[in-house]
2 protein chains.
Amino acid sequence: MSQSDVVDLARLRRSCAHCSLQELCLPAGITGEELAELDSIMRRRRPLNRNERLFHHGDALNCVFVAREGAFKTISISREGDETVVGFHMPGELIGLDALGDGHHRCEAIALVDSSVCEIPFDRLTEIASHIPGLQFQLMRVIGQSVSRDQDHMAMLLRRQAHERLAMFLMGLRERLEILGQRSDVFRLPMSREDIAAYLGLALETVSRAFGRLQDDGIIHVHGRSIEVLNADALDACAHGEQTPPSAGRRCGSRTQG
Amino acid sequence: MSQSDVVDLARLRRSCAHCSLQELCLPAGITGEELAELDSIMRRRRPLNRNERLFHHGDALNCVFVAREGAFKTISISREGDETVVGFHMPGELIGLDALGDGHHRCEAIALVDSSVCEIPFDRLTEIASHIPGLQFQLMRVIGQSVSRDQDHMAMLLRRQAHERLAMFLMGLRERLEILGQRSDVFRLPMSREDIAAYLGLALETVSRAFGRLQDDGIIHVHGRSIEVLNADALDACAHGEQTPPSAGRRCGSRTQG
DNA sequence: CGTGTGATTGATTCTTGTCAACTATAGTGG
DNA sequence: CCACTATAGTTGACAAGAATCAATCACACG
């Protein structure tokens with residue numbers, strides 16, 4: 001085994017095998033050779049500062065990105081100029097699929113905190129995927145999951161009250177943090193109240209009040225962007241419109257009554 | 001040229017070249033041979049009656065479908081049991097991509113009126129696509145467009161008033177009817193007020209009132225499910241929150257005032 | 001010609017948006 | 001080290017919009 005072989009293996013481990021992209025390629029039964037091929041087109045991009053943009057609305061689809069560290073939001077700007085947050089992207093999640101439809105990005109991707117990404121030239125990816133069936137399958141899966149996430153997002157917006165939407169949002173975040181192996185009972189939100197509001201289709205004041213209500217109900221503890229989930233069951237119940245959760249959350253749904 | 005050749009060509013024209021699937025395969029520069037291959041796995045399914053289901057929640061992903069005639073809705077049923085309409089599907093549009101994420105359908109697809117579909121075994125499709133680059137590309141595109149549609153749907157739900165949502169919905173419908181080469185100024189809605197409400201995140205009464213308001217403003221004429229668009233510019237303006245459209249719609253945004 | 005479903009309209013209540021003031025926090029420069 | 005400032009978040013009062021409950025209307029169907 002030559003020196004360069006060792007270095008290559010180390011590089012592979014660092015750049016793909018160990019990272020978020022597991023989700024994209026590793027479970028698909030890819031050989032070491034195929035992994036190397038995928039890795040050869042993958043680029044580790046320089047870190048991004050808070051508020052830096054990964055791509056702009058209208059940009060041609062060159063690369064898809066995988067968040068490595070930090071967090072991102074993708075926003076779409078309406079004709080009237082107001083932003084709506086299409087999605088938040090945590091480490092390991094794909095960014096840039098919004099351009100699949102017509103080859104141009106519909107959204108802007110913005111780093112919420114200092115972050116870093118891997119970038120994958122999209123044409124190279126599809127090219128390679130076409131002769132690695134497992135990768136092809138996995139790519140479909142990842143795209144499909146992004147569709148599912150959008151549908152979950154929609155479910156949050158449809159005929160739900162502010163505190164229910166917020167509870168759903170927090171539960172979704174918990175789930176994703178758990179996948180990342182991070183604590184999901186105590187965490188720090190990377191996004192502002194305004195971002196959450198633009199994601200949930202609410203006014204930012206309403207988001208603030210919803211936080212307050214969940215706190216009053218003893219379900220979470222809020223201090224700015226620091227969140228502590230005190231009662232996950234009650235939070236889940238609240239997310240689904242149940243007013244009096246069985247185990248705890250002493251008065252979910254009746255803050256001022258009584 | 002033998003008799004069977006003629007029949008085959010006629011069959012091709014009837015089954016693919018002439019149909020909605022143009023969008024999926026034809027523009028991608030597919031050869032006649034490749035078209036034949038695609039056509040060989042395509043099945044024309046028996047017509048569906050109104051309210052018949054194409055697939056249920058939880059069904060394994062066997063086939064994707066293309067609506068040929070009629071119209072469909074895909075609904076997702078929340079834990080609490082209420083339906084939300086994820087999307088409407090007009091002729092030429094793909095149904096069933098909701099199962100891409102984990103191989104099982106998240107939604108139920110229901111015929112809104114008597115309808116018919118083509119079905120494509122999904123594993124065969126991806127298999128064929130893997131050696132027809134143009135088809136592969138086109139498949140990505142179609143999936144991407146469905147993502148885009150979901151995002152447009154979300155834009156309808158976020159911080160828009162009832163009549164704005166309805167106006168956006170009607171504009172979207174117009175666009176799709178135009179693609180189909182059908183009249184977009186006079187048409188019949190295939191879905192009930194309740195379906196529209198579940199799609200727009202409103203109560204059905206609110207949808208009814210929103211129709212009334214657009215009619216009062218002289219923008220559309222409503223008679224049950226029959227819609228006539230009297231002023232498309234005003235409808236578009238209304239869809240984007242502009243209260244007094246330049247050309248007409250004499251009092252959009254002030255039904256009871258004055 | 002009744003019957004049932006789908007659609008409209010009305011009255012009322014509740015939620016949320018809006019405007020505004022206020023508080024807390026982090027970052028900056030003296 | 002502290003005051004100053006800008007930004008983010010909270011809270012309150014009020015009004016507008018939509019949900020809800022309920023009654024009525026229109027239409028297709030047997």
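Every heavy atom of this structure was used, including side-chain atoms; hydrogens, water molecules and symmetry mates were not.
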Peer 1: When you check the side-chain N and O atoms of B:Ser226 and B:Arg188, is any donor under 3.5 Å from an acceptor?
Peer 2: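 Result is yes, a qualifying pair exists.
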Peer 1: Quick check on D:dA8: is either OP1 or OP2 less than 4.0 Å from any side-chain nitrogen or oxygen of A:Arg225?
Peer 2: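 The answer is no; no side-chain N or O of A:Arg225 sits under 4.0 Å from OP1 or OP2.
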Peer 1: Report the relative orientation of the aromatic rings in B:Tyr199 and B:His153; use parallel for angles under 30°, tilted for 30 to 60°, perpendicular for over 60°.
Peer 2: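 B:Tyr199 and B:His153: parallel rings.
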Peer 1: Have A:Gln215 and A:His221 got a donor and an acceptor in their side chains that come within less than 3.5 Å?
Peer 2: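 Present: a donor and an acceptor within the cut-off.
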Peer 1: Take atom CG of B:Asp195 and atom C1' of C:dG6, then tell me their distance rounded to the nearest Å.
Peer 2: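 Those two atoms, CG and C1', are 11 Å apart.
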Peer 1: Take the protein atom CD1 of B:Ile227 and the nucleotide atom P of C:dA7, then report the distance between them rounded to whole Å.
Peer 2: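 B:Ile227 atom CD1 is separated from C:dA7 atom P by 11 Å.
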Peer 1: Taking any heavy-atom pair under 4.0 Å as a contact, classify B:Ser208: base, sugar-phosphate, or nothing.
Peer 2: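 The answer is base, as B:Ser208 lies within the cut-off (heavy atoms under 4.0 Å) of a base atom.
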Peer 1: Please determine which of A:Asp59, A:Asn62, A:Asp98 meets the side chain to side chain donor-acceptor pair (under 3.5 Å) test together with A:His105.
Peer 2: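 For A:His105, the side chain to side chain donor-acceptor pair (under 3.5 Å) check succeeds only for A:Asp98.
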Peer 1: What's the CE-C1' distance between B:Met191 and C:dG6, to the nearest Å?
Peer 2: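 About 15 Å, once rounded to whole Å.
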Peer 1: Between D:dA19 atom C1' and A:Leu158 atom CG, what is the distance in whole Å?
Peer 2: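 Spelled out: CG on A:Leu158 to C1' on D:dA19 is 15 Å.
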Peer 1: Over how many whole Å does the gap from A:Leu200 atom CG to C:dT15 atom P extend?
Peer 2: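 Checked: the CG to P distance equals 18 Å.
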Peer 1: How many Å lie between CD on B:Glu194 and C1' on D:dA19, as a whole number?
Peer 2: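 Checked: the CD to C1' distance equals 15 Å.
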Peer 1: Compile the donor-acceptor pairs under 3.5 Å between side chains in residues 111-119 of chain A and protein atoms, sequence neighbours left out, one pair per line.
Peer 2:
| residue | atom | partner | partner atom | Å |
| --- | --- | --- | --- | --- |
| A:Asp114 | OD1 | A:Arg50 | N | 2.8 |
| A:Ser115 | OG | A:Ala71 | N | 3.2 |
| A:Ser115 | OG | A:Ala71 | O | 3.4 |
| A:Ser115 | OG | A:Val113 | O | 2.7 |
| A:Ser116 | OG | A:Glu69 | OE1 | 2.8 |
| A:Glu119 | OE1 | A:Arg45 | NE | 2.8 |

Peer 1: Does the side chain of B:His223 get closer than 4.0 angstrom to OP1 or OP2 of D:dC27 through an N or O atom?
Peer 2: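 For D:dC27, OP1/OP2 do have a side-chain N/O of B:His223 under 4.0 Å.
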Peer 1: Might you list the N or O atoms of the protein lying below 3.5 Å from N or O atoms in nucleotides 16-22 of chain C, with each pair's distance?
Peer 2:
| residue | atom | partner | partner atom | Å |
| --- | --- | --- | --- | --- |
| C:dT16 | OP1 | A:Ala162 | N | 2.6 |
| C:dG17 | OP1 | A:Ala203 | N | 3.4 |
| C:dG17 | OP2 | A:Ala203 | N | 3.2 |
| C:dG17 | OP2 | A:Thr206 | OG1 | 2.3 |
| C:dT18 | OP2 | B:Arg159 | NH1 | 3.4 |
| C:dT18 | OP2 | B:Arg159 | NH2 | 3.2 |
| C:dT18 | O4 | A:Arg209 | NH2 | 2.8 |
| C:dC19 | N4 | A:Glu205 | OE2 | 3.1 |

Peer 1: Please determine whether a side-chain nitrogen of the Lys or Arg among A:Glu205 and A:Arg193 lies less than 4.0 Å from a carboxylate oxygen of the Asp or Glu.
Peer 2: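 No.
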Peer 1: Rounded to the Å, how far apart are A:Leu112 CG and D:dA8 C1'?
Peer 2: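 Roughly 15 Å, once rounded to whole Å.
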Peer 1: Provide, to the nearest angstrom, the distance between the CZ atom belonging to B:Arg188 and the C1' atom belonging to C:dA7.
Peer 2: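 In whole Å, C:dA7 C1' and B:Arg188 CZ are 12 Å from each other.
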Peer 1: Closer than 4.0 angstrom, basic N to acidic O: yes or no for B:Asp236 and B:Arg174?
Peer 2: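 Between B:Arg174 and B:Asp236 there is no salt bridge, as every charged N stays at least 4.0 Å from the carboxylate O atoms.
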